[in-house]
Amino acid sequence: MSKRIGTFNVNGKNADTIVEPQMLLVDVLREKLDLTGTKRACAAGNCGACTVLADGDPICSCITLAVAAEGREIETVEGLRAADGTLHPLQQAFIDHCAAQCGYCTAGMLMTAKALLEANPRPTREDVKRALSGNSCRCTGYVKIIDAVMDAAQQINAAKEVAA
Amino acid sequence: MTALDPIPEGGFGDAVTRREDLRLTTGQGRFLDDIVLAGMAHMATVRSDRAHARIVSVDVETARQADGVLAVLTGADFAASGWGDIPCESMPPAITKGQWVRTPYPALLTDRVMAMGDLVAIVVAESRKAALDAVELVEVAYDDLPVVTSLEAALSEDAPQLYENAPGNRVFSAQIGDADAVEAAFAKATHVVPLTTRQPRMAHASMEMRGSIGVYDARMGRYELTTSTQNPHSVRRLLASSILKVPAHKVRVSAGDVGGAFGLKGRVYPEDVLVLWAAERLRRPVKWVPTRSEAFVADFHGRDQMADGEMAFDAEGRILGLRATTVHNLGCRLGPATGVSPFLSARMLAGPYAMPAAHVRVEGVFSNTRTTTSFRGAGRPEATYFLERMLDKAAAQIGLDPAEIRRRNLLTADQMPYKTALIDRYDCGDFKAVFERAVTLADWGGFETRRAQSAANGKLRGQGISCFVEVSALSNERMELRFDLTGAATVIAGTFSHGQGHHTLYAQMVQDWLGLPFEQISVVDGDTDQVAYGGGTYASRSVTVGGSALRRACDEIIAKGKTIAARLMQASEDELTFEKGLYVRRDSNERMSLSEVAVASYRVLGHPADLGVGLEATGTYTAQPQNYPNGCHIVEVEVDPDFGTVTLVDYIAVDDVGVAVNPLLLEGQLIGSTAMGVGQALIEQVVYDDAGQQVTAAFTEYGVPRATHMPPIRSELLNTPTDTNPLGVKGGAEVGTIAAPPAIIRAIEDAIGCPSASLTLPTSAEKILDALHKTNDKKKAKP
Ligand code: FES
Ligand code: FES
C-alpha cells in the first residue's frame, strides 16, 4: 500500500488529503489539515495530550493510524465552539476556573471531559478524576481542571432543564 | 479552597480570569511545533547509547545517501566551525572563590561521550521521519570506559575519575557559616540528632518538550532562533557572547507559547546551537523537536542531592546549631545554570527557625549522568527536606510532638529583621503565626479522632507538617510602557510568561495604576527584537521584579504625562492631580485623560518640541535585597495496609506571599507546585543502572502525578508585605514543591508507625509495605 487520497470527517466537515499507510491521525490533523490544537507530547499513548473524539469516544490520535480514522466522525478542540462562536460550556468553565496554565494539555483535557459528560452527565469528583487519569498535566495540579469539569456539567444540565 | 469570584477584568488584587485562556482553550495556542516555515528542514540527533566511552569512529556515509537526507554532521565538523562551548555561569564567586572545575561543552562531541544521550552527530533531512530514519544508519564505534553514575559511587575511593583536573570527581567544595560557633554550640547541647537525606534525581518533563527552529538570515548576516524557552535573553546572551562571539544584535531569540518549563528551559542547550549551525550551512530553516524518550535522556535533570549532618538542641528542644555537608550529583559536565541549586540549597539550610550557629559544606560531583540544572524550587526543596526531616527526627528523639518542636523554634515577627547564621537576612514575616494558623486550620490536635475513623475503615491515617522559608526575586529586571498614537498602552516585559498568566497580571497592574481600560493594555514578551533586555521567568521572580519595574515605569508615565497635560491645559504641574486615569486641575472641572495626553504627545502641531515625541517610560528594579516567602503545610494521608498505596486525604497550606496580585492565579501556582511536591514524594525518580543506562525514558517509567494523586487543598494566606520592593510582594510559585515532600513522608511514617526519617524519597508502595512488615514484626516480637 502506498500514498493515496484519504477522506476524513473532522468537526463535521469532510476533507481529502494524501495519506501514507504509516501515518498517524495526529499527523494528518496537525500537518495535513492544519488543526494544530491537538498536541503531541509522548506519541506513545501515555499522556492524553493528543486526545480527540472518534464517534464520540476519546482516543489517542498519536497511536491511531490515520487510515483507521476514515469513516469515523472525528472531533477536535477546534470543533468545540458553536458555529456562532459561543464557547462550549467546558471551554468557558476552563476559563472561569483558570484550569489552564501553559495550555499544552488543555485540548486533550477538554476532549476527554466532553466524552465523560456525554456518557455521564452528573459525574462525581471521583468520576472526573478517574476519567482524566489518562491525561497528564504538569502545571495545574488538576484541582482546577476538576472544578471546571464539575462546573461545566452543572451548566450543561441547567441549560438542558431550561430547554426541556 | 478560598471562595473566589473570578471576573474577566480588574485591577491589582482582583481574581481576574486570564486573557491568555481564550486562545489556549480553543486550540489557538502557537507552540514551537506548530510553527512551519517555508523551506523548513528537520533535524534529528545521533546520541550515545553508552554512559562513558571514547568515540572511535563515526560512519555517516550510508546515512548521507538515504532518501531525503540533506546533511549528516559530526563533532569533527562542529569543531572545525570554530563555534564556542556552552559555559557554566552560575558558580557564585563569593562562595567558590573561583575554585571549581570548568568542563568543555561543545554542542557536538568529538572524542568522548560521558552520559547516555550525549550528542555525537546530527542528521538534517526534508522531513522529520526521513531524519529519524537516517539516524539509524549512522554507525558509531565506541571504546567503553569505566562508568560511575550514582553520587555515592562517584565519591568512593576507587571510583573512575572522569576529569583529570577533578580529583575525587569533585567539581567544587566550598563552605558557608561559622565552624567555630557551631563547635561551641554542640559543646553545650543536650541532644544531638544526626541525619542523612537523599533527594532523587528528577525530570522536569514539561508537557511540551524542548524544541527549536534555527534560521540564518544571509541577507542581514543574522541568526534567528525560535525556541521553547523560559528566558529568551539568556539564550541570546550565551549564543552571542560565548558560542557565536558576535554582537547580540546579530542574534534574535524568540518564543511563542511555551508548554511548561520548571527550570528546564532556562538557558541555551546544544540543540539550539545545532539548529542555527545547520541552518547557516544549509541556508534553510531547521527544526528540531525531540521524541519523548529523547527528551528524557537529553534534557538536563534536577535535584540528586545528599545532605548529611547533625543538629544540636538544648534540653527543651531549642535549636543550638547545625552542621551539614551537602553533595550534589551535577552530572557529566556543567550546564549554564548547574551551580544554582547547590548554593541556594546551602544557604537556605538556615531555615525558618532561630538557629544561632550553622556551618555548611557544599560539594558538587561529576558522574556519567545528564547535567543537572534548576528544578522548580531549585535548592530550597532540598534544604527544606533536610531541615524538616531533622525536626521530625529530633521531636521523636527528644519526646516532643512534631508541631511542638517547631513552635519552640520558629521565628516570630518580633525577631525581624533576622540575620541568619549563614547568608541571608530575613526582612519580615511571622513564621510562627503562619504555623499556628495552619495547625488550627488542620485541627492538628484533633487528629486521633480522625485516625480512629480511618482505622475503622481499615486504613492507616497519619499527619505530617512542614514549615519553610525560601528566597525569591533573583537578579534585575526592566519593563517598558509605551503608548501608541491611539492612546493605548503596551507593556514590553523583560520577564517571559510560559503558563503563569503575566499578560493578565501586568494588565491588572496597569489598569489599576494608570486607570486605563483593560482592553487598552497589551503585553509583549518573549522576543529579543522587541524587548531590549530581560531576565525571563524563573524562581518566582516575575511578579516581584517585573511588577516592581513596571510600577516604576507607570510612575514615570504619570510624571511625564503631567508635564504634557499641564502645557495643554495651560496650568502649572502643581495644579494637577492624577486620579483614575485623569489629570484634574484643582478647583476646576478641567480634566484630561492619560490616553488623550498620549495621543497629543504624537501630534506634529500643538505638541511642544521640547517635550519630545510620544509617551513612554522604562522602569527597572534590582532585587537587592531579595524577599522571603514562607509557609506551613500540613497533610493527612491514608495508607492501605494491604497494598501500600497512599491517598492524600487533606492538605492545608498557609502561605505568606506578601501581597497577592491575583488570588486566582496564585492559587493555581500553589496547587501546581504542590502537585510537583506530591510527585517527588511518591513517584518521581530518574533511574540509571550501574552500567549508566537511563532506564526511565518514558512516561510509563518515569511517573508524573495524575488527577487521581491529588488531594483537596485548603489554602489560606497570612501575608506580611515586604518593604524590599514597591509592591510588597514575595514569590509564590514554588511553595508546594518546597513544602509538600517532607510533610507527606512524615505523614506516611506516622500512619504506618515506622521511625521518623526512616522512609526515603520517593516512597513507593513497595517501600511502604516493607516498612509496615518491619513495624509489625517488631510489634509481634514485643509481647
Ligand atoms: S501524545 Fe498521544 S498520548 Fe501522549
Ligand atoms: S496546563 Fe501545562 S500541562 Fe497542563
Side-chain angles (χ1 to χ4, degrees), chain A residues 20 22 27 30-31 34-44 46-47 49 76-81 87-88 90-110 125-126 128-147, chain B residues 1 6 8 15 17-18 20-31 33-34 36 129 204-209 257-262 289 291-293 498-501 664-665 667-676 678-679 698-700 704-713 736:
Chain A
E20 292 167 42
Q22 84 293 344
D27 298 325
R30 291 179 50 83
E31 280 148 38
D34 280 337
L35 295 170
T36 55
T38 300
K39 297 299 175 206
R40 186 174 27 208
C42 73
N46 298 327
C47 77
T76 71
V77 67
E78 288 91 347
L80 275 182
R81 261 172 128 152
L87 294 175
H88 187 278
L90 275 164
Q91 291 173 311
Q92 189 59 52
F94 267 55
I95 295 173
D96 293 343
H97 290 266
C98 209
Q101 285 187 23
C102 79
Y104 205 77
C105 68
T106 308
M109 292 285 181
L110 287 165
R125 276 189 89 83
E126 285 310 308
V128 176
K129 278 192 186 184
R130 255 196 308 277
L132 295 178
S133 67
N135 291 69
S136 299
C137 172
R138 198 60 164 153
C139 303
T140 64
Y142 304 98
V143 173
K144 285 173 181 289
I145 296 177
I146 301 163
D147 292 345
Chain B
M1 305 292 324
T17 56
R18 306 195 321 171
E20 288 87 343
D21 288 347
L22 182 59
R23 73 169 186 272
L24 295 176
T25 56
T26 52
Q28 299 179 92
R30 200 194 57 161
F31 295 86
D33 201 18
D34 302 337
V36 177
K129 183 171 183 306
H204 305 74
S206 51
M207 290 311 293
E208 185 205 24
M209 295 173 281
D257 285 310
V258 168
F262 318 111
V289 172
T291 62
R292 181 56 75 173
S293 53
H498 51 280
Q500 294 83 355
L664 185 65
L665 270 58
E667 214 172 61
Q669 291 296 321
L670 167 79
I671 301 168
S673 65
T674 301
M676 282 195 153
V678 170
F699 282 129
T700 44
V704 297
R706 303 281 176 144
T708 39
H709 286 103
M710 286 303 288
I713 293 182

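Chain A is the first sequence line, chain B the second, and so forth, proteins listed ahead of strands; every chain is numbered from 1. Just so it is clear, the structure is predicted and the values come from calculations on it, not from any experiment.
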Undergrad: Which bit of B:Met209 is near chain A, if near means a heavy-atom gap under 4.5 Å: side chain, backbone, both or neither?
TA: side chain

Undergrad: Report which part of A:Ala100 has an atom under 4.5 Å of a heavy atom belonging to chain B: side chain, backbone, both, or neither.
TA: both

Undergrad: Between A:Leu87 and chain B, which part of the residue has a heavy atom less than 4.5 Å away: side chain, backbone, both or neither?
TA: side chain

Undergrad: Is B:Ser206 close to chain A through its backbone or its side chain, or both, or neither, when contacts mean heavy atoms under 4.5 Å?
TA: backbone

Undergrad: Could you look at A:Gln22 and say if it's the side chain, the backbone, both or neither that has a heavy atom under 4.5 Å from chain B?
TA: side chain

Undergrad: More than 12 heavy atoms of other residues, nucleotides or ligands under 6.0 Å from CZ of A:Arg125: yes or no?
TA: yes

Undergrad: Between B:Ala675, B:Gly501, B:Ala205, B:Gly679, which residue shows the highest count of heavy-atom pairs closer than 4.5 Å to chain A?
TA: B:Ala205

Undergrad: Is B:Pro8 close to chain A through its backbone or its side chain, or both, or neither, when contacts mean heavy atoms under 4.5 Å?
TA: neither

Undergrad: Between A:Ala107, A:Ser133, A:Gly37, which has the largest tally of heavy atom pairs under 4.5 Å with chain B?
TA: A:Ser133

Undergrad: Which atoms form the tightest heavy-atom contact between A:Ala41 and B:Phe699, and what is the distance?
TA: O-CE1, 4.2 Å

Undergrad: B:Glu20 versus chain A, heavy atoms under 4.5 Å apart: side chain, backbone, both or neither?
TA: neither

Undergrad: Drop me the distance from A:Arg40's CZ to B:Asp33's CG, to the nearest 0.5 angstrom.
TA: 5.5 Å

Undergrad: Can you tell me how far CE of B:Met710 sits from CG of A:Leu132, rounded to the nearest 0.5 angstrom?
TA: 13.5 Å

Undergrad: Who among B:Ala707, B:Gly259, B:Gly29, B:Gly27 has the most heavy-atom pairs with chain A under 4.5 Å?
TA: B:Ala707

Undergrad: So what's closer than 4.5 Å to chain A heavy atoms on B:Glu208: side chain, backbone, both or neither?
TA: both

Undergrad: Given the options B:Gly672, B:Ala261, B:Ser293, which has more heavy-atom pairs under 4.5 Å with chain A than any of the others?
TA: B:Gly672

Undergrad: Just wondering, do B:Arg18 and A:Cys98 contact through their side chains at under 4.5 Å, heavy atoms?
TA: yes

Undergrad: Got a second to check how far A:Lys129's NZ is from B:His709's NE2, nearest 0.5 Å?
TA: 10.5 Å

Undergrad: If I measure from the heavy atoms of chain B, does A:Ile95 come under 4.5 Å with its side chain, its backbone, both, or neither?
TA: both

Undergrad: Roughly how far, to the nearest 0.5 Å, is the CZ atom of A:Arg81 from the OG1 atom of B:Thr25?
TA: 7.5 Å

Undergrad: Does a salt bridge link B:Asp34 with A:Lys39, judged by any charged N lying under 4.0 Å from a carboxylate O?
TA: yes

Undergrad: Pick one of side chain, backbone, both or neither for A:Asp34, based on which atoms fall under 4.5 Å of a heavy atom in chain B.
TA: neither

Undergrad: If the condition is ring pair (Phe, Tyr, Trp, His ring centres under 6.0 Å), which residues does A:Tyr104 pass it with, not counting sequence neighbours?
TA: B:Phe31

Undergrad: To the nearest 0.5 Å, what is the distance between CD (A:Glu78) and CD (B:Gln28)?
TA: 8.5 Å

Undergrad: Could you tell me which non-hydrogen atom of B:Gln669 sits nearest to which non-hydrogen atom of A:Gln101, and how far apart they are?
TA: NE2-OE1, 3.6 Å

Undergrad: For the candidates B:Val704, B:Thr17, B:Thr26, which exhibits the highest count of non-hydrogen atom pairs separated by less than 4.5 Å from chain A?
TA: B:Thr26

Undergrad: Identify which of B:Gly668, B:Ala698, B:Gly260 forms the greatest number of heavy-atom pairs closer than 4.5 Å to chain A.
TA: B:Gly668

Undergrad: Do B:Leu664 and A:Lys144 come within less than 4.5 Å of each other through their side chains, counting heavy atoms only?
TA: yes

Undergrad: Between B:Asp257 and chain A, which part of the residue has a heavy atom less than 4.5 Å away: side chain, backbone, both or neither?
TA: neither

Undergrad: Rounded to the nearest 0.5 Å, how far apart are CZ of B:Arg706 and SG of A:Cys137?
TA: 11.0 Å

